[in-house]
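This structure is a prediction, so every number in the text was calculated from the model and none was measured. In what follows, chains are A, B, ... by sequence order, proteins preceding strands, each numbered from 1. All values below were derived from every heavy atom in this structure, side-chain atoms included, with hydrogens, water molecules and symmetry-related copies excluded.
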Amino acid sequence: MPHLDLRRGGWRAFSCGIMRGGYAFTFGGAALVALPSGALWWPAERLLAVADLHLGKSERMARRGGPLLPPYEGAETLARLEADLAACDAARVVCVGDGFDDNAVELDGDEIDWIARMAKGRDWTWIAGNHDPAAMTCAGHHMPELRHGPLTFRHIASASAQAEVSGHYHPKLRLAGQSRRCFLVARSRVILPAYGAYTGGLSSADPVLASLMDGAGIAILTGQACHPVPLSRPGGKG
Amino acid sequence: MLDAAADPALLLVAPTGGGKTLAGFLPTLAELARDPRPGLHTLYISPLKALAADIRRNLMTPIAEMALPIRVEDRTGDTGATQRRRQRADPPQILLTTPESLALLLSYEDAPRIFAGLSRVIVDEIHALAESKRGDQLMLCLSRLSTLAPGLRRVGLSATVEDPAAIARFLARNPDSCRIVHADPGPDPDIAMLETDAPPPWAGGGGRYAIPAILDQVRRHRTTLIFHNTRAQAEIFFRDLWLANEDALPIGIHHGSLSREQRERVEAAMVAGELRAIVCTGSLDLGIDWGDVDLVIQVGAPKNVKRLVQRIGRANHRYNAPSKALLVPANRFEVVECQAALQAVRDHDLDGDPRGPGPRDVLCQHILARACSGPFSADDLYAEVITAGPYTALSRSDFDACLEFCATGGYALRAYDRWRRLMLRDDRWTLRDPRAARAIRMNLGTIVDTDMLKVRMRGRGGMPLGEVEEWFAASLTPGDTFLIGGQIVRYESLRELTVEVSRDPGRTPKIAVYGGTKFSTSTQLSDRILRILGQDSWPDLPAHTARWLSLQREVSQLPRAHRLLAETFPGEDRHYLCVYGFAGRNALQTLGLLLTRRMEEEGLHPLGFVATDYALLVWGLDPVRDPGPLFDLAGLRAALSGWLSANTVMKRTFRNVAIIAGLIERNHPGMRKSGRQATFSTDILYDTLLRHDPDHLLMQVTREEAMRGLVDFSRIEAMMVRVAGRIDHVSLPRISPLAAPMTLEIGTVSVEGAGRERLLAETARRLMAEAGLESAAHD
């Protein structure tokens with residue numbers, strides 16, 4: 001039975017080694033750690049989950065005749081992912097959808113090599129997203145969703161899901177005058193922040209997210225360190 | 001006017017409200033009466049939409065009276081789609097428009113046909129346009145028009161300016177000459193400082209102390225305009241004025257934050273002569289003449305002589321009678337500044353800092369818009385662009401860099417070879433994807449709106465207090481206090497798009513924000529103030545102010561023109577350093593940030609500072625024994641580059657540059673990106689470029705702009721050059737007379753040594769505890 005223990009003892013900061021600043025919690029029976037980078041780490045399974053890399057976003061905008069954004073977001077995103085992988089020594093990687101900004105993206109050769117290098121010796125899964133429903137020609141396998149132990153990884157949260165880890169919404173939360181990407185953690189689901197460099201965000205106070213979270217649970221703000229805050233706060237939401 | 005009708009360029013300089021606009025149309029009416037013809041003959045461009053509509057009404061009368069076969073139409077952002085289409089198919093003889101609407105018209109493929117027969121272009125209020133990117137864009141558009149309509153004649157209409165020749169160079173097609181015609185400036189204004197029973201307060205703004213004297217003046221005149229430098233001050237003053245308005249004189253208020261309906265009501269009442277006074281801001285600096293104004297009152301230091309003269313010109317309706325104006329200093333120091341301004345007005349010594357060459361972000365937008373209208377050759381476009389006044393000195397390599405930015409993004413990493421925005425086909429540049437034209441057109445214009453957030457009291461039915469800029473709200477942390485609508489409030493939270501505050505019982509607000517201002521005291525006016533301070537005695541100044549300056553001379557020194565006075569003194573449990581830089585508020589604020597950074601490095605534990613147009617007051621835990629080394633220019637420059645890199649001012653400047661240059665779309669077909677999202681993503685783009693491509697074109701433009709604008713480092717450099725190491729350090733046992741008012745100033749900046757991360761952690765922890773969720777301490 002998946003559960004989220006919101007009482008004393010259910011929360012603790014994770015502060016050993018390079019994981020400094022991470023935030024540990026139990027979800028669906030799994031002991032997980034939210035990392036300041038926006039990745040979710042499952043130490044027992046050595047599994048690292050990230051959502052919404054949106055690789056190739058600047059290329060897609062250019063292809064459509066739009067503005068030519070600084071073409072460095074792939075390097076930014078992959079460098080951060082590489083640092084997380086090295087710090088955790090992850091054996092499994094799950095990209096929870098929208099790893100690519102669309103299926104027509106033609107990644108730079110360097111970026112394809114970079115992904116291949118990171119995927120080497122690791123079990124790497126690309127979950128289908130609304131931006132990238134089909135498989136891309138790069139390292140890793142492609143799946144509509146993934147069940148691993150008690151947890152289910154899929155791109156878009158499903159209303160009736162249990163113990164589900166998803167992405168898609170790019171949740172953000174404003175606190176103390178600063179807007180940060182955040183994890184949303186409720187009894188039955190975790191929604192990951194967007195990991196890609198050029199991704200906007202949706203306020204966690206947005207009705208769509210508020211109803212998915214059922215007005216309860218916590219948000220874990222990312223940045224230099226993780227900071228958990230209750231979602232139904234005294235004095236207002238979001 | 002008719003004499004010069006054949007000149008390729010003509011600048012008519014006349015005081016505000018000299019009826020010059022209709023004069024500009026005389027040759028058009030004469031030519032069309034003599035030789036009627038269909039098609040566009042004259043284009044009139046004004047910075048204000050409202051002005052276009054008004055001019056149309058005023059032109060209709062003579063045209064109807066003379067029964068001329070002339071159609072006059074306006075075309076602005078408010079013009080409907082059907083009308084716009086019809087205007088393109090069958091243009092009127094006279095079209096009245098704005099720089100933005102003209103840029104849009106020129107971006108259509110049929111622009112050559114529309115403008116082929118154009119004979120004259122009239123640019124109204126060119127002195128105002130010449131100060132902004134809107135003017136730079138307009139001059140690029142005129143360069144295009146001169147290609148489409150060879151022989152096009154240009155007329156500029158300007159208020160009185162310090163350097164008409166500079167405006168003429170701005171207007172004329174390079175290298176055409178531009179005749180300058182000066183209208184009779186009329187008699188010198190009758191201008192003085194308002195005498196009041198009570199002396200002005202030591203610090204602050206608003207001029208509340210002068211309300212009885214001001215009401216008295218209103219009673220004695222038909223219509224009085226009461227100018228303020230900020231909207232907030234105008235609001236507070238208006239409220240206090242009404243509290244004292246026992247005769248219930250009809251007095252209105254007019255400023256840019258009011259709704260259009262409200263403003264139009266006030267304008268109509270003014271024209272009808274129903275108002276005795278209008279409290280207003282720069283929103284009445286431009287535009288047609290309102291009613292029968294016979295007195296202008298400027299509350300607060302004028303900051304800039306040129307603007308003061310233009311404001312005074314609002315009161316010149318009786319032919320050959322002098323305009324009448326009164327200055328009301330809001331505090332003791334402004335008495336000196338007002339005195340300096342009076343002298344400057346009498347000496348006809350107008351100020352103005354040259355703006356520098358046309359900015360490259362505007363050129364990037366122009367190149368993209370040019371591509372929308374059809375293929376072009378780089379050589380032709382470069383030749384055309386350098387005929388525009390602001391771009392005459394543009395080098396070919398700078399032009400090519402802008403073209404490269406438009407085509408490929410101009411990144412060090414060549415990434416968009418396949419998806420370039422512009423392609424070279426048969427030696428001509430063209431849009432790779434013609435569908436892109438729609439988005440480019442939707443984003444034309446150089447006015448970047450600042451998103452405003454409403455501020456209201458927390459709780460049910462909380463009272464709305466006004467608006468603050470989005471970036472200001474984002475910089476607040478709960479507990480910060482600031483002043484709005486005349487009261488001190490405490491920031492609580494940001495909910496949806498509303499800033500929630502509570503009443504704060506404290507007396508001094510602590511604004512932990514870098515608050516830039518558009519209005520810094522000009523260099524010329526600062527120099528005059530220093531000259532007044534250097535006088536042996538001050539018979540022209542009110543006795544209270546003269547006594548204050550004498551006391552300062554006895555106790556310490558008065559600041560001198562080619563030296564820098566730095567006073568240090570203890571007070572309560574802090575040590576103070578007061579630097580009389582006279583470099584304007586933005587520059588001294590920057591100096592404050594840099595000095596405290598250097599003091600932090602030297603272990604002097606600075607705690608905060610406050611900057612005015614004249615001086616900077618820094619306080620900390622330890623005394624500054626020798627201020628000299630702190631002012632080492634190389635050290636300040638190093639501190640600047642460190643401070644700039646992650647600075648909100650730079651990010652805000654970058655956002656504007658990125659939007660104008662077309663890197664970020666404000667509007668996208670089918671959706672409007674909210675300002676909030678744009679802020680977020682431009683910050684990330686700035687950080688990314690800073691790491692990977694710090695010399696990118698837009699980073700260069702951002703740095704240039706910030707140095708001149710909100711950061712205003714150029715004025716710090718000028719100050720240091722002027723001072724050339726001559727720093728007079730005076731160590732005092734207690735605060736000096738000149739420094740004392742500084743401690744009463746609002747707008748204190750606290751030095752954030754503690755770090756925002758800690759604040760965030762503490763807030764999060766408190767909220768978890770309040771929700772009954774324990775969060776173990778972590779580091």
Side-chain angles (χ1 to χ4, degrees), chain A residues 6-15 20-23 58-76 106 108 172 174-180 197-201 203 205 218-221 223-238, chain B residues 405 408-411 413 415-416 418-421 431-436 439 473-478 480 491-496 500 662-665 668 677 680-681 684-685 688-689 691-693 696 756-757 759-765 767-768 770-779:
Chain A
L6 285 174
R7 276 172 299 280
R8 188 177 297 256
W11 306 92
R12 77 195 155 81
F14 198 92
S15 62
R20 206 177 189 87
Y23 194 81
S58 56
E59 192 233 55
R60 173 163 166 260
M61 287 182 72
R63 191 182 342 129
R64 297 180 161 202
L68 305 174
L69 296 182
Y72 307 109
E73 97 272 27
E76 289 272 319
E106 290 184 19
D108 199 77
K172 284 171 63 180
R174 185 173 273 273
L175 186 71
Q178 301 167 60
S179 179
R180 297 278 179 96
Y198 292 172
T199 47
S203 163
I218 58 163
I220 303 168
L221 275 63
Q224 287 177 37
C226 284
H227 302 291
V229 293
L231 272 175
S232 53
R233 306 214 302 261
K237 54 182 193 280
Chain B
F405 167 79
T408 68
Y411 300 105
L413 175 70
Y416 295 118
R418 277 194 67 186
W419 307 122
R420 16 187 352 141
R421 221 170 183 192
L431 285 177
R432 177 182 57 79
D433 182 349
R435 289 169 303 176
S475 72
L476 292 171
T477 48
D480 280 352
Y491 172 69
E492 297 290 347
S493 62
L494 186 82
R495 199 196 281 212
E496 321 268 282
E500 292 193 324
L663 183 65
I664 290 290
E665 291 177 344
H668 195 70
Q677 280 170 324
F680 176 68
S681 49
I684 287 180
L685 297 184
T688 307
L689 279 174
R691 256 196 303 279
H692 296 271
D693 215 341
H696 186 260
R756 283 152 65 83
E757 195 68 23
L759 195 69
L760 193 78
E762 283 165 3
T763 312
R765 210 170 294 152
L767 289 171
M768 288 296 274
E770 281 173 19
L773 307 170
E774 186 166 319
S775 162
H778 55 98
D779 38 352

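Neither the backbone nor the side chain of R435(B) has a heavy atom closer than 4.5 Å to any heavy atom of chain A. Interface remark: E106(A) contributes side-chain atoms only to the contact with chain B (heavy atom separation under 4.5 Å). Contacts between Y411(B) and chain A at a heavy-atom distance below 4.5 Å involve backbone atoms as well as side-chain atoms. For L663(B), the parts sitting under 4.5 Å from any heavy atom of chain A are the backbone and the side chain alike.
Annotation: the span from E73(A) atom CD to T688(B) atom OG1 amounts to 8.5 Å, rounded to 0.5 Å. Between I684(B) atom CD1 and E76(A) atom CD the span is 9.0 Å, to the nearest 0.5 Å. For the atom pair Y416(B) OH and E59(A) CD, the distance stands at 8.0 Å (nearest 0.5 Å).
Under the 3.5 Å distance criterion, the side-chain polar atoms of R64(A) are left unmatched by any main-chain donor or acceptor of D433(B). R421(B) contributes a side-chain N or O that, together with a main-chain N or O of G66(A), makes up a donor-acceptor pair within less than 3.5 Å.
Between Y72(A) and H692(B), the ring-plane angle classifies as parallel under the 30° and 60° cut-offs.
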What do the steps show when you test L69(A) against L685(B) for side-chain contact (heavy atoms from CB on, under 4.5 Å), and what is the final call?
CA-CA 8 Å; L69(A) 296 182; L685(B) 297 184; 3.8 Å; yes
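Shortest non-hydrogen contact noted between E665(B) and P67(A) is OE2-CD, 3.4 Å.
Contact count versus chain A (heavy atoms, under 4.5 Å) is highest, among E492(B), R691(B), R420(B), for R691(B).
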